[in-house]
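Counting from 1, the numbers follow the sequence of the chain as shown.
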Amino acid sequence: MRLHIIRHGDPDYANDTITELGHREAAACAERMAGLGITHLYSSPMGRAQATARYTAERIGMEPTILDWTAELHLPRITDLDGEPTAPWNIAGEIVRQTGTAPTDEAWHELTEFEGIDLQGRQAELTAGSDEFLAGLGYRRNGGVYEIDGPDEMVVAVFCHAGFGVSWLAHLLGLPVTLAWAGFYWAPTSVTSILMERRSPHRAVPRALAVADTSHILAAGLPQNTRGLPANTA
């Protein structure tokens with residue numbers, strides 16, 4: 001099975017939809033999706049994800065199924081290095097890495113900036129949703145491995161969100177969540193492709209083939225969009 005996780009197009013957050021640029025990005029993404037042989041199409045219940053998914057749905061003639069558990073994470077804001085509020089998944093990598101000790105699966109949430117926020121509880125909800133969803137497709141999680149009980153030729157596309165998507169990727173690949181948050185940026189309509197790699201007959205392990213790829217944006221002649229990427233002095 002191949003799983004494609006796609007961030008929504010350039011967002012109009014106030015109206016929970018996508019901007020004019022977002023519509024062009026979504027159309028370019030649909031052209032890419034049309035060549036992947038998608039067998040299962042899903043979307044977050046939020047408007048900006050559904051508006052993006054609609055282009056692919058019309059292009060391939062498949063109605064998306066809404067997955068409530070893939071809605072964007074609703075978490076209190078934290079204070080970033082510049083003193084401005086930001087989403088926890090946009091935390092500065094400098095904060096995550098400043099101790100010199102990499103976050104672990106057990107202690108990824110133990111930062112002063114996260115005090116009072118139930119990050120573990122929200123990630124547990126996400127992982128439960130993921131495990132139930134993939135089990136329904138015939139991939140039952142057993143530790144870090146998936147036991148296969150179903151067809152292996154599926155190509156699954158899920159339109160969702162940056163914070164949610166990176167957190168889901170962390171679960172799939174067995175990464176500490178804050179390392180994934182600080183280590184990956186997902187541009188609008190970027191595509192993250194996961195192969196459920198089989199090296200034995202009935203077991204699979206997720207392997208990333210591409211993370212946050214935007215080659216369809218380049219092919220369509222659209223500008224590279226850094227919406228959601230905090231400004232920095234490169």
Side-chain angles (χ1 to χ4, degrees), residues 3-19 22 25-26 29 42-53 66-82 84-97 103 105 108-109 111 113-130 133 157-194 206 208 211-214 225-232:
L3 170 64
H4 302 287
I5 307 171
I6 307 104
R7 185 188 176 190
H8 57 74
D10 188 62
D12 173 355
Y13 286 120
N15 296 297
D16 190 22
T17 186
I18 53 178
T19 65
E25 292 170 337
C29 184
Y42 300 93
S43 174
S44 153
M46 303 187 79
R48 53 192 182 271
Q50 290 197 57
T52 307
I66 302 302
L67 298 176
D68 288 339
W69 66 277
T70 65
E72 182 59 294
L73 309 181
H74 289 292
L75 295 169
R77 297 274 165 166
I78 63 171
T79 301
D80 208 357
L81 284 175
D82 59 4
E84 295 297 319
T86 190
W89 58 87
N90 250 341
I91 187 170
E94 183 179 339
I95 295 174
V96 173
R97 293 171 173 263
D105 285 340
W108 63 267
H109 60 288
L111 290 172
E113 289 77 9
F114 295 150
E115 287 182 0
I117 305 176
D118 186 17
L119 296 180
Q120 283 182 298
R122 183 62 185 89
Q123 186 68 10
E125 293 175 1
L126 184 156
T127 59
S130 172
F133 170 65
V158 181
F159 286 82
C160 53
H161 309 268
F164 171 87
V166 176
S167 301
W168 190 12
L169 181 66
H171 174 56
L172 291 171
L173 300 186
L175 303 175
V177 180
T178 39
L179 276 184
W181 285 352
F184 297 113
Y185 166 67
W186 287 24
T189 70
S190 60
V191 180
T192 294
S193 301
I194 305 295
V211 177
D213 183 79
T214 55
N225 190 345
T226 58
R227 186 75 176 270
L229 183 66
N232 58 66

Measuring from atom CD1 of Ile6 to atom CD of Glu25, what distance do you get when rounded to the nearest 0.5 angstrom? 13.5 Å
Taking only residues two or more places apart in sequence, or in another chain, which ones meet Thr17 in a side chain to side chain contact (heavy atoms under 4.5 Å, CB included)? Asp12, Asn15, Ala51
Side chains of Leu111 and Ile78 in contact at under 4.5 Å (non-hydrogen atoms): no
Decide yes or no for Ser44 and Glu72: does some side-chain heavy atom of the first lie under 4.5 Å from some side-chain heavy atom of the second? no
Which residues share a side chain to side chain contact (heavy atoms under 4.5 Å, CB included) with Ile66, sequence neighbours left out: Ser43, Pro45, Gln50, Asp68
How would you list, by chain and number, every residue that makes a side chain to side chain donor-acceptor pair (under 3.5 Å) with Thr214, sequence neighbours excluded? Gln224
Contacts of type side chain to side chain donor-acceptor pair (under 3.5 Å), residue Glu125, not counting sequence neighbours: none
About how many Å separate CG of Leu172 and OG of Ser167, when rounded to the nearest 0.5 Å? 11.0 Å
Side chain to side chain donor-acceptor pair (under 3.5 Å) contacts touching residues 184-193 (sequence neighbours left out): His4-Ser193, Thr189-His216
Any side-chain to backbone donor/acceptor pair from Arg7 onto Gly165? Under 3.5 Å, distance only. no
Do side-chain atoms of Gln120 reach the backbone of His109 as a donor and acceptor pair under 3.5 angstrom? no
Thr52 side chain to Arg48 main-chain N or O, any donor-acceptor pair under 3.5 Å? yes
Report yes if some heavy atom in the side chain of Trp168 is under 4.5 Å from a heavy atom in the side chain of Ile194; otherwise report no. no
With Phe184 via ring-ring contact (aromatic ring centres under 6.0 Å, His included) - residues at least two apart: none
Can you list the residues that meet the ring-ring contact (aromatic ring centres under 6.0 Å, His included) rule with Trp89, with sequence neighbours excluded? none
Taken in chain and number order and not counting sequence neighbours, the residues that satisfy salt bridge (charged side-chain N to carboxylate O under 4.0 Å, His left out) with Arg77 are none
Just by distance, do the side chain of Asp16 and the backbone of Gly47 share a donor-acceptor pair under 3.5 Å? yes
Between Ile95 and Thr178, is any pair of side-chain heavy atoms under 4.5 Å apart? no
Not counting sequence neighbours, which residues clear side chain to side chain donor-acceptor pair (under 3.5 Å) with Asn90? List them please. none
NE2 of His171 to OG1 of Thr127, rounded to nearest 0.5 Å, is 5.0 Å
List for me each residue that meets salt bridge (charged side-chain N to carboxylate O under 4.0 Å, His left out) alongside Glu113, sequence neighbours excluded, and say none if there are none. none
Are any non-hydrogen side-chain atoms of Arg97 and Leu179 less than 4.5 angstrom apart? yes
Which residues pass the salt bridge (charged side-chain N to carboxylate O under 4.0 Å, His left out) test with Asp80, sequence neighbours left out? none
Residues forming a salt bridge (charged side-chain N to carboxylate O under 4.0 Å, His left out) with Asp118, sequence neighbours excluded: none
Parallel, tilted or perpendicular: ring planes of Phe133 versus Trp69, cut at 30 and 60 degrees: tilted
